[in-house]
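Worksheet: one structure, shown below.
These numbers were taken from a predicted model, which means no experiment stands behind them.
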Amino acid sequence: VAGYVQGIVSDAVAIENCAVNASIASTGTGYIDVSMGGLVAYAAEHNGGSYEGIVFAMMNDVTVSMEAASTGNIYAGGVAGYIDASTEDKYVGGIYSAVMQVKAPAGKDLIKLTSKNVNRFYVGGVAGRIVSPRAVSKIGTCMIDGSIDVAAENVADSSAAGGVTGEII
């Protein structure tokens, strides 16, 4: 639905009642940052924003398969890859996601990282990484069905993989 979203004061991206069926791939082998998500790849909020979050996703049905290859940083999630709400506004949340179904197509992984060497990765069924130090992100009433396969043998920095989120800070 969106590759990059940057919010402004009192605005949030609202994605509701969508049916998405997608296959997303990054096949580079060099050091690049890769963000990918079933609805939003990367969302940032640096100037204040709404209380609920900079990504508001409700009642969506997402069928997606993501495959990433990079030696850099990889962020991947069934709804959003990377949400950055590191703002001075104390009420900004990173994500509000409810009544969601995220699943992999039959016979495929939800998320597959194929690089043997990566700087770091954050992957999760809903979101790969959420940076929202000033408010609570909300994820509820969701069903996630699919495998997360990380082939990395050498990881240079901290990394995380989770069924719902890879990392929330």
Side-chain angles (χ1 to χ4, degrees), residues 1-8 12-13 15 20 22-47 49 53-57 62-89 92-97 100 102-104 108-139 142 144 146-169:
V1 173
Y4 174 80
V5 175
Q6 182 164 355
I8 57 174
V13 175
I15 304 169
V20 176
S23 177
I24 303 167
S26 166
T27 57
T29 58
Y31 189 100
I32 58 172
D33 288 347
V34 176
S35 296
M36 52 181 57
L39 295 177
V40 176
Y42 178 82
E45 176 56 73
H46 299 287
N47 301 314
I54 59 173
V55 174
F56 179 89
V62 179
T63 302
V64 65
S65 176
M66 292 172 271
E67 185 171 335
S70 170
T71 58
N73 302 313
I74 301 171
Y75 310 95
V79 175
Y82 186 0
I83 297 174
D84 181 3
S86 55
T87 178
E88 297 302 317
D89 187 328
V92 175
I95 186 170
Y96 180 92
S97 179
M100 295 283 298
V102 177
K103 62 183 180 266
K108 295 199 173 202
D109 292 318
L110 179 64
I111 300 168
K112 183 174 187 173
L113 306 185
T114 59
S115 298
K116 298 293 181 197
N117 302 300
V118 298
N119 187 51
R120 64 180 151 183
F121 63 85
Y122 298 100
V123 295
V126 172
R129 187 172 198 220
I130 302 170
V131 179
S132 180
R134 306 270 182 208
V136 175
S137 290
K138 299 176 186 178
I139 300 170
C142 61
I144 302 159
S147 298
I148 296 174
D149 181 9
V150 177
E153 295 173 0
N154 299 302
V155 181
D157 203 346
S158 63
S159 297
V164 176
T165 61
E167 180 180 61
I168 300 175
I169 57 173

query = Sub-3.5 Å donor-acceptor pair from the side chain of Ser70 to the main-chain atoms of Ile32, do we have one?
reply = yes
query = Looking only at heavy atoms, what is the nearest atom pair of Ser97 and Val79, with distance?
reply = OG-CG2, 4.4 Å
query = Can you tell me how far CE of Met66 sits from CG of Leu110, rounded to the nearest 0.5 angstrom?
reply = 5.0 Å
query = Can you tell if the side chain of Val123 reaches within under 4.5 Å of the side chain of Leu113, non-hydrogen atoms only?
reply = yes
query = Cut-off 3.5 Å, side chains only: do Asp157 and Asn119 have a donor facing an acceptor?
reply = no
inquiry  = For Phe121, is there any backbone N or O sitting under 3.5 Å from a side-chain donor or acceptor partner on Ser159?
reply    = yes
Interatomic spacing from CD1 in Ile83 to OH in Tyr75 - rounded to 0.5 Å = 13.5 Å
ask   = For the residue pair Met100 and Val62, what are the closest heavy atoms and their distance?
value = CE-CG2, 4.2 Å
ask   = Do Thr165 and Ile130 come within less than 4.5 Å of each other through their side chains, counting heavy atoms only?
value = yes
query = Rounded to the nearest 0.5 Å, what separation is found between the CD atom of Glu67 and the OG1 atom of Thr114?
reply = 5.0 Å
ask   = Can you say whether the rings of Tyr42 and Tyr82 are parallel (under 30°), tilted (30 to 60°) or perpendicular (over 60°)?
value = perpendicular
query = Of all heavy-atom pairs between Ile74 and Ala68, which one has the smallest distance, and what is that distance?
reply = CG2-CB, 3.8 Å
ask   = In Å and rounded to the nearest 0.5 Å, what is the CD to OG distance from Glu153 to Ser115?
value = 11.0 Å
request  = Begin from the C-alpha positions of Asn117 and Val155 and carry the test side-chain contact (heavy atoms from CB on, under 4.5 Å) through to its verdict.
outcome  = CA-CA 6 Å; Asn117 302 300; Val155 181; over 6 Å; no
query = Where the side chain of Ser147 meets the backbone of Asp109, is there a donor-acceptor pair that is under 3.5 Å apart?
reply = no
remark   = For Ile24 and Gly37 the tightest heavy-atom approach is CD1-O, 3.5 Å
ask   = Are any of the side-chain heavy atoms of Cys142 and Val126 separated by less than 4.5 Å?
value = yes
key: Electrostatic pair Glu167:Arg129 at N-O distance under 4.0 angstrom   = yes
ask   = Are Met36 and Ser26 close enough that some pair of their side-chain heavy atoms sits under 4.5 Å apart?
value = yes
query = Considering only heavy atoms from C-beta outward, does the side chain of Asp149 approach that of Ile111 to under 4.5 Å?
reply = no
Non-hydrogen side-chain atoms of Val118 and Asn73 separated by less than 4.5 Å = no
For Ala43 against Val55, the heavy-atom pair lying closest together = CB-CG2, 3.6 Å
query = Is there a donor-acceptor pair closer than 3.5 Å between any side-chain N or O of Thr71 and the backbone N or O of Tyr31?
reply = yes
message = For a 4.5 angstrom cut-off between non-hydrogen side-chain atoms, does Phe56 reach Ile95?
response = no
message = Counting C-beta onward and ignoring hydrogens, is there a side-chain heavy-atom pair between Lys108 and Thr63 closer than 4.5 Å?
response = no
